[in-house]
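Take a look at the structure below.
Everything numeric here is computed off the predicted structure, so don't read it as measured data. Throughout, protein chains are lettered first and strands after them, A, B, ... in sequence-line order, and every chain is numbered starting at 1.
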Amino acid sequence: MSEAVYDAAALQDKWRPVWEEIDPFRAGQRAGAEKRYALTMFPYPSGDLHMGHAEVMALHDIIARYWWQRGYDVLNPIGWDSFGLPAENAAIKRDEHPKVYTYANIETQAESFRRYAVSFDWSRRLHTSDPEYYRWTQWLFLKFRERGLAYRKNSPVNWCPHDQTVLANEQVVGGLCERCSAVVTKRELNQWYFKVTDYAQRLLDDMDSLADTWPERVLAMQRNWIGRSEGAHVDFDIALADGSGGTERVTVFTTRPDTLYGATFMVVAADAALAGQLVAPEQRGALETYLAEVRKASDIDRLASDRPKSGVDLGVTATNPLTGEQMPVWASDYVLADYGTGAIMAVPAHDQRDLDFAREFGLPVRRVVDTGEENPEQSWVATTGNGVYVNSGALDGLDDKAAGIHRIIEQLEADGRGTGTVNFRLRDWLLSRQRFWGAPIPIIHCDTCGEVPVPEDQLPVVLPDDLRGADLKPKGVSPLAAAESWVNVDCPTCGGPAKRDSDTMDTFVDSSWYYLRYVSPHEEGAPFDAEALREWGPIDQYVGGVEHAILHLLYSRFFTKVLYDLGMLDFTEPFTALLNQGQVINGGKAMSKSLGNGVNLGEMIDEFGVDAVRLTLVFAGPPEDDIDWADLSPGGSLKFLQRAWRLAGDVASEPGAAVQDGDPALRKATHKTLAEAEQLIEGHRFNVVVARTMELVNATRKAIDSGCGPADPAVREAAEAVAILLSLVAPYTAEEMWERLGHQPTVARAGWPSVDPALLVEDAVTAVVQIKGKVKARLEVSPSVSAADLEQLALADPAVQRALDGAQIRKVIVREPKLVNIVV
RNA sequence: GCCCCGGUAGCCCAACGGCAGAGGCAAUGUGCUCAAACCACAUCCAGUGUGGGUUCGAAUCCCACCCGGGGCACCA
């Protein structure tokens, strides 16, 4: 018996150079094979890899490596999302250019990925901060702009005072900056937007095609975020109080046009321009004062829902388009300027917010739907359910909400006073950032020609190389604005003096199309090669964290649809299937510096080896569940790998031994394991695959020690199956096993063993006999036993006879060959 | 408040509506050893959050509730 010992570090050193030589995972090497595109969300280069990366890569790699074993031609690329704030902040601190930090970290991470043995095709590596990449980010921006999907507007925007930049709506979480948790404030700025709202309905509709392959909760979150609501636009005429005698038509959005008879006042958003246009001269001062207060309040204050309602009377009246009734117009911050039309009709009886406002300011409440509950005028609880219409003209007596809504919309449309409509919660995507380390927006501002796109042949607009440290300090405008030699250019149209747009793009723009670039990462004439994309796209399996459920995934879906409309793609959804891995936590809490509960990945690998760490993370539980490092046992994983490895050393037959003569019981176990593993992997139930592999190792051990013995060909077959199963999770151990079994590298391309269906059939099965659902006897029967025979056998069984004790049999349910249930 | 996901041995987790236990951790014991570790073998441990319902039969399907996690929330 060999005295060899299992040394994880030695295996890593031994096999890495061999694999780099063989380069087994280069895509496009299997002519004629079906193509599969596996993608893991590319990392941001902050420091070295951590446990979270280790988990997602281990899970993702199972899928990619399984596909290789199954004979597919697999594209599994890697790159870096390498623009972004941390590099810029590090550069300020260290007085250097952000690229220094960025590219140093990328090298560190790349080295770690190689050691971690993820089956990436390294030849396709990309970095979003490379000019060769962001040139196309800029090009795409210009295409969007040509199509009217990128535009500039003045608007109150989310401002992070810490990072000194604006934020998209998606980057504000509970009134705080998603990145740094600073309290977000509002600023009125002129900024670039992508018109994602144009795609709201399609983003919603196309989710139907993802229903079976994306996690339900991600779809739910996106639906929630898009926030479709059906209702109506209703026009109100407002008599202006400027002495002109004129009127202004104001449109409101409502989901309950059927309650129009109950509208007793109107409210416009205090911070909308409309408020300033409508306000009566004598109320202007009050509005200004109120507005100043509103502006001071942060989103955090606004989010406190128990906050009393505030507002100011604008001193004008609106006319109810159905009844002609006059109603006062107020301004308040509970109406949002950027949702709907920024104005509402208030129906206090049937909307709690309106009711609170009415109570605060003594405005009338009129019930128009009797739901059988207490009248809101007395209870101060708005009723929103179905009921009988009252005080509602022609609607009176009707008791169907849907019909009521329908009839009022019909009426409004007939009168030219309104229309049925759909509104979305989704806002356009604010993409400008007042920071340095991002793709410059390729626009030149010329006093004569206005906004001029940088001509395509002048792309990329490259970031200057000579800014560092203090030059990059955030000052509320982009550091690029101060880079004189960079910002001042000749206008491409008239040749006169002009300035570059000094903002950079949100880094989510970079990551909204990187998966397309991978199919042809060195393409120089286009962002991607359309032919290559037809071969590889869309992504068959995307793996990554649920934290991108809205941001990255929604933006990428939007980009894909726009590029489809531009005729550049032939699919409308980028990610056919999505797997969200859970988090790795420790001791019940997320790992964090402040808690001091971080687990260092490098140290774990040094102690247990890459394979044991990967195995531990995969075996811990279902991929989408959070896993607690404190519950896990990398030592146990290592022990198992050693057991498996030892099998390979014990096999005493030669490669190619006549397996059909092998021990039938062990052969059945092997083939059953393989057959089951196929199903389990396809269902992403990787933890169970590991358990099945452990069982097979145990069975093989038993066969060697106390069964058919090490020379039986079935033992070799089992050990080889173990090596191939392990090649998905523990590549170093698997490769070493493969070599000890007398094969050439690499086991990663050994191919999935074909399962012999004959070996999946059991010789005998245990049938259980139940009486009233309780097990009373077990019978060994043939798998092909007939229902009648099984019933006879069951009734004849002495234990059953005893249990029946002469009771009258009412019914016998037979599920051959597994079960008989006797009802007495 | 609304919407998703989950609750099975001391712990992590399995179980096409059909024997509650596959696998692992921990614990205990036996063998190996001068001894310990390693290793091998064995043993121990829950009736599935609670209450109803459907069914011949429910961890699994349905309803209500409790607990935990996540998302959304002054969006008219």
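- Both A:Gly636 and A:Ser310 lie close to RNA chain B; mapped to their nearest nucleotides by heavy-atom distance, the more 5′-ward contact belongs to A:Gly636.
- For A:Lys639 against B:C39, a side-chain-to-base donor-acceptor contact under 3.5 Å is absent.
- Comparing B:A14 with B:U8, their C1' atoms sit 10 Å apart, to the nearest whole Å.
- To the nearest whole angstrom, the two P atoms, one in B:A20 and one in B:A27, are 30 Å apart.
- For A:Arg646, counting side-chain heavy atoms from C-beta on, the closest listed nucleotide (B:C39, B:C56, B:A76) is B:C39.
- The gap from the P atom of B:A36 to that of B:U28 amounts to 14 Å, rounded to the nearest Å.
- The same atom, P, is picked in B:A76 and in B:C16; the two are 42 Å apart, to the nearest Å.
- Residue A:Arg643 places at least one side-chain N or O under 4.0 Å from the OP1 or OP2 atom of B:A40.
- Taking only side-chain atoms of A:Asn821, from C-beta outward, the nucleotide of B:A14, B:G71, B:G57 with the closest atom is B:G57.
- OP1 and OP2 of B:A76 both lie 4.0 Å or more from every side-chain N or O belonging to A:Tyr334.
- Checked against B:C56, B:C74, B:C72, the side chain of A:Lys309 finds its nearest nucleotide in B:C74.
- In this structure, the side chain of A:Asn169 does not engage the main chain of A:Arg427 through any donor-acceptor pair within 3.5 Å.
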Using atom names, set out every protein N or O paired with an N or O of nucleotides 1-3 of chain B below 3.5 Å, distance rounded to 0.1 Å.
none

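- Base pairing annotation: B:C32 forms no Watson-Crick or G-U wobble pair, as no partner gives both donor-acceptor distances under 3.5 Å.
- Closest heavy-atom contact between A:Val800 and A:Ala777: CG2-CB, 3.7 Å.
- The aromatic rings of A:Phe357 and A:Trp330 lie perpendicular to each other, with more than 60° between the two planes, well past the 30° mark.
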Residue pair A:His350, A:Thr384: steps toward the side chain to side chain donor-acceptor pair (under 3.5 Å) verdict
CA-CA 5 Å; A:His350 306 298; A:Thr384 56; over 6 Å; no
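- Residues A:Arg643 and A:Asn698 bring a donor and an acceptor atom of their side chains to less than 3.5 Å of each other.
- Under the Watson-Crick and G-U wobble criteria, each requiring two contacts below 3.5 Å, nucleotide B:A37 is left unpaired.
- Scanning residues 691-710 of chain A for heavy-atom distances under 4.0 Å to RNA chain B yields A:Ala691, A:Arg692, A:Met694, A:Glu695, A:Asn698.
- Here the side chain of A:Trp225 is nearest to one of B:A22, B:A73, B:C12, namely B:A73.
- B:C2 is paired with B:G71 under the Watson-Crick or G-U wobble criterion, all donor-acceptor distances under 3.5 Å.
- Taken to the nearest 0.5 Å, the NE2 atom of A:His684 stands 10.0 Å off from the CD1 atom of A:Ile62.
- Remark: A:Ser637 pairs with A:Ala612, A:Leu615, A:Thr616 by the side chain to side chain contact (heavy atoms under 4.5 Å, CB included) rule, at least two apart or across chains.
- Pairing for B:A27 is with B:U43, a Watson-Crick or G-U wobble pair whose two hydrogen-bonding atom distances lie under 3.5 Å.
- Side-chain contact between A:Phe236 and A:Met327 is present, with heavy atoms from C-beta onward closer than 4.5 Å.
- A donor-acceptor pair shorter than 3.5 Å can be found between the side chains of A:Tyr6 and A:Thr733.
- In this structure, A:Arg557 contributes its side chain and A:Leu203 its backbone to a donor-acceptor pair below 3.5 Å.
- At the phosphate of B:C12, neither OP1 nor OP2 sits under 4.0 Å from any side-chain N or O atom of A:Ser633.
- Of the candidates B:C39, B:G18, B:C4, the closest approach to any side-chain atom of A:Gln770 belongs to B:G18.
- Residue-to-nucleotide proximity on RNA chain B shows that, of A:Gln642 and A:Ala620, the 5′-proximal contact is made by A:Ala620.
- Distance noted for atom P between B:G47 and B:C2: 34 Å (whole Å).
- What you find for A:Ala358 and A:Val365 is that their closest heavy atoms are CB-CG2, 4.2 Å.
- Rounded to whole Å, the separation between the P atoms of B:U55 and B:G23 comes to 37 Å.
- Base pairing analysis places B:C56 opposite B:G18; the two distances defining the Watson-Crick or G-U wobble pair are each below 3.5 Å.
- Distance check on atom P: B:A26 versus B:C11 gives 15 Å, rounded to whole Å.
- Nearest to the side-chain atoms of A:Pro622 among the listed nucleotides B:C56, B:A14, B:A76 stands B:A14.
- When the P atom is compared between B:A9 and B:C3, the two are found 29 Å apart, to the nearest whole Å.
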